Amino acid sequence: MKLTTLALRNIKRNFSKYIMYFFSLSFSVFTVYSFLALMQNEQVVMAFTYDSRYRSMLMSFGIIIMVFVMFFLISSNNSFIKARKKEISTYALFGMTNGKIGKLLFLETMMVGFAALVMGIGAGIFFSKLTAMVLLEISLVAFTGDIAFSIDLKAIYITTIGFLAIFSFMGLSGLGVISRFQLVDLFKGDKLSEGKSEGSIILLIISLLLIGAGYYLAASNDPQRVVMAAIPILVLVIVGTYLFFWGGLPKVLHLIRRNKNNYYKGTNLIATSAFSHRMKSIASVMATIAVLSAVATTAIATGFTLYRNIEKNTYDIIGYDMYFYGGQEDVLEEVYDAFERHNIDLIESYTTDRYQTTPQMETLMVEGHEYLSSHKDYFRVYSQSVYNKLIFLSRSDSEAIQIHPGEGVYIYSFYGPSNISKSIEDAVVGQQLIFSNKEIKITSVLNSSTLSFGALHILVLNDSDFAALLQEGDISNVGESGEPYGQATVFQYKNPLQAHDLNRELDQILRGRVGSYRIAYNHYIESMETFGLVCFIGFFMSGVFMLMTASLLYFKQVMAAEEERHQYKMLRKIGMDSATEKRVIVKRLLPVFLIPLLLGITHSMFAMKAADTMVFSNMIPVDNSYFTVLAFSAVMYSVYGIVYGIFYFITKGQYTRILR
């Protein structure tokens, strides 16, 4: 019989085992091809404002996926070979050399790989238009064109060459595995025990200390500290995770076995013993899956959180649909005409003078640094009524305020760690601002950038106090040169984040003709492009990681089922019924899927805390931004858990069929 015919027959006979492997591999090919095709699609590239960033992000994540796929395929291939010890030993017994056996397995690998390559690229081509449309839908605000169906030959070529190289490397690694097998060991492979590992209490303690240290650093509220500790956090958590599965978890199982009252209760003895006997072969896989689960869940949770907060973040930063200051006399009429030309309803606009004041006050120190001084700082100052009007027209979460005579409200635009914000508030509240004939006491502090219009410090006064200080000359809208500071005009209009043509014309009118301007739409589309792309890539990367890691567990358990079949046969002979066997299988398999998943999600929760400290606390300026982040992350954790649950039930079904 030809090796090709034998390879085809083996694939057909082992199809139920290959199906999950084949599906995961095809999805990986589909993802890589899709990324490459999107990089080459000129319609998509031209739709993005920042095309170089777009290409580099897709390329970076494509390389990450290729590296991970290579690790997965080699591990899976070795597991398949070990699961077929008896079959390989039969070939050897009938005189087939290791070289021919290796060639046979190489052919099988290439056949399955080539079929997956065709399926993955075919699916990528078939869904290429849909994939591009999904990307543009979540990343772009104003794209209204039609994406043409296309077949990218360059993407096909690169994907094919890359995966064929991986398949070839897999085949060669499989040959190395076969060369280490002994004929006698092959025949007894399903009866050999790995032996119980008692683990190490020292490794258990060290692993928990390392993981705990990583968690402690990640939980810091200091962004600079978290950034500086990023690499140590990764090293501590990853090393701690592997040590936990290599020596810590076996020790936990050993302690469970020593608890005789619980160990001999029900099916615990059988399930715990079976799990313990597999720890040596599966420890590294479980550790890898825990780490990769953390990476995958963090990636998709981060992307999703960023994406869902784009609109809110836009108005937290910009405040208004549009504003500009300085030189409005020349452009204001043109701006109004633009609204009429595009038939966009202008809800309201409001123009105010930009007043400044420099009262006498003591120098304020925050975190050991000079924060506010009358020698070099000034306040942008508003009356209470003007402030409330500006807030009414803004789309931020700020609220109207009521100020008593002799009091003032200080507003700053710093978004950062809560401890620094608290230090600023403690330093400012109660300070006396001394004017020519009046003193104002700062009684409260707000955090907002909505009314700054070029200033770092903002002061809001009671209307009567403002009028008196303006009359005395303590407040002025004219600089030392005699030139006015320039007025500020804010706008509120309908559909500000969808009116592409209007916003583009407003941008052309204002650019270079006013002191400064901001249009919410511009910030919104830039954020959509960046975070929409991150969310899109995170979805695919997480999908690959989920399928690959869950499939790897599936392969390991299927291999274990082949070797444990005779043990269950003996247990049935001594009286184990079907119901008891089902309970044993659940207790045997559930920890294999559940422990890495829970540990990975726990890792991810602390990683999201670090992300909150560095990024989200600035984007979600509420007192408990981390809880908001966790709420978004919980959605992704649930999806990840559901996927793993599906793989668990598939594995349990296949495991049960093999045992019977």
Side-chain angles (χ1 to χ4, degrees), residues 317 319 323 325-326 352-391 396 398 400-488 490 515-516 621:
I317 294 175
Y323 74 79
Y325 56 85
T352 180
D353 288 308
R354 292 191 300 150
Y355 291 99
Q356 293 183 193
T357 184
T358 310
Q360 293 296 312
M361 61 178 296
E362 64 179 74
T363 299
L364 302 182
M365 306 296 290
V366 173
E367 300 288 321
H369 300 282
E370 184 177 305
Y371 174 72
L372 183 58
S373 169
S374 57
H375 301 295
K376 62 179 182 179
D377 296 308
Y378 68 88
F379 290 93
R380 173 84 62 232
V381 60
Y382 298 97
S383 65
Q384 173 187 299
S385 57
V386 171
Y387 171 87
N388 289 337
K389 178 66 175 180
L390 290 170
I391 289 301
S396 67
S398 301
I401 59 177
Q402 183 71 34
I403 306 174
H404 298 293
E407 297 179 352
V409 175
Y410 170 73
I411 302 174
Y412 67 105
S413 59
F414 171 79
Y415 287 123
S418 58
N419 62 311
I420 297 182
S421 296
K422 183 67 167 56
S423 298
I424 292 174
E425 294 177 13
D426 292 342
V428 174
V429 171
Q431 292 300 314
Q432 294 285 345
L433 306 180
I434 303 172
F435 297 91
S436 299
N437 297 309
K438 186 182 288 289
E439 290 189 11
I440 299 293
K441 182 180 180 180
I442 298 178
T443 55
S444 62
V445 175
L446 298 176
N447 189 350
S448 172
S449 60
T450 304
L451 295 92
S452 59
F453 302 133
L456 295 176
H457 309 283
I458 302 168
L459 180 65
V460 185
L461 303 175
N462 175 271
D463 285 1
S464 60
D465 288 337
F466 182 91
L469 293 174
L470 181 61
Q471 186 174 3
E472 292 289 337
D474 291 309
I475 294 175
S476 174
N477 65 345
V478 179
E480 294 180 358
S481 63
E483 291 291 325
Y485 292 127
Q487 296 175 311
V490 300
S516 182

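The model shown is predicted, which means the values in this text are computed figures rather than measured ones.
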Take atom CD of Gln360 as the centre, draw a 6.0 Å sphere, and report whether it contains more than 12 heavy atoms from other residues, nucleotides or ligands. no
Rounded to the nearest 0.5 Å, what separates atom OG1 in Thr450 from atom CD1 in Ile317? 10.5 Å
Suppose we screen for side chain to side chain contact (heavy atoms under 4.5 Å, CB included). Which residues come up paired with Asp377, at least two apart in sequence or across chains? Leu372, Ser373, His457
Find out whether Tyr371 and Tyr412 are in side-chain contact, i.e. whether some heavy atom of one side chain is under 4.5 Å from a heavy atom of the other. yes
Separation between OG (Ser383) and CG (Leu469), nearest 0.5 Å, reads 11.5 Å
What are the two closest non-hydrogen atoms of Phe435 and Thr357, and how far apart are they? CE2-OG1, 3.2 Å
Separation between CZ of Phe466 and CG of Leu459, rounded to the nearest 0.5 Å: 10.0 Å
Any donor and acceptor pair, going by atom type alone, linking the side chain of Asp465 with main-chain N or O of Pro405 inside 3.5 Å? no
For the residue pair Gln356 and Arg380, establish whether any side-chain heavy-atom pair is separated by less than 4.5 Å. yes
Quick one: does Leu446's side chain get under 4.5 Å of Val460's, heavy atoms only? no
Can you tell me if Asn477 uses its side chain to pair, donor with acceptor, with the backbone of Arg354 under 3.5 Å? no
Measure the spacing between CD of Gln402 and CG of Asn388 and express it to the nearest 0.5 Å. 8.0 Å
What distance do Ile440 atom CD1 and Phe379 atom CZ have between them, rounded to the nearest 0.5 Å? 11.5 Å
Closer than 3.5 angstrom, by distance alone: can the side chain of Asn462 be matched with the main-chain N or O of Ser464 as a donor-acceptor pair? yes
Supply the atom-to-atom distance Tyr382 OH to Leu390 CG, rounded to the nearest 0.5 angstrom. 6.0 Å
Side-chain contact, heavy-atom cut-off 4.5 Å: Leu451 with Ile391? yes
Heavy-atom pair with the smallest gap, counting every atom of Val478 and Ser476: N-OG, 3.0 Å
Work out which heavy atom in Val409 is nearest to a heavy atom in Ser444; give both atom names and the distance. CG2-OG, 3.3 Å
Mind listing the side-chain donor-acceptor pairs of residues 426-433 below 3.5 Å, one per line with the distance, residues two or more places apart or on another chain?
residue: Asp426; atom: OD1; partner: Lys422; partner atom: NZ; Å: 3.0
residue: Asp426; atom: OD2; partner: Lys422; partner atom: NZ; Å: 3.0
residue: Gln431; atom: NE2; partner: Ala427; partner atom: O; Å: 3.3

Heavy atoms only: give me the nearest Ile403-Glu407 pair and the separation to one decimal. CG2-O, 3.3 Å
Using 4.0 Å as the upper bound for N to carboxylate O, is an ion pair formed by Lys438 and Glu472? no
Would you say Ser452 and Ile458 make side-chain contact, with heavy atoms under 4.5 Å? yes
Of the non-hydrogen atoms in Ile411 and Ser448, which two are nearest, and what is the gap between them? CG2-O, 3.6 Å
Considering all heavy atoms of both residues, which atom of Leu461 and which atom of Val381 are nearest to each other, and what is their separation? CD1-CG2, 3.8 Å
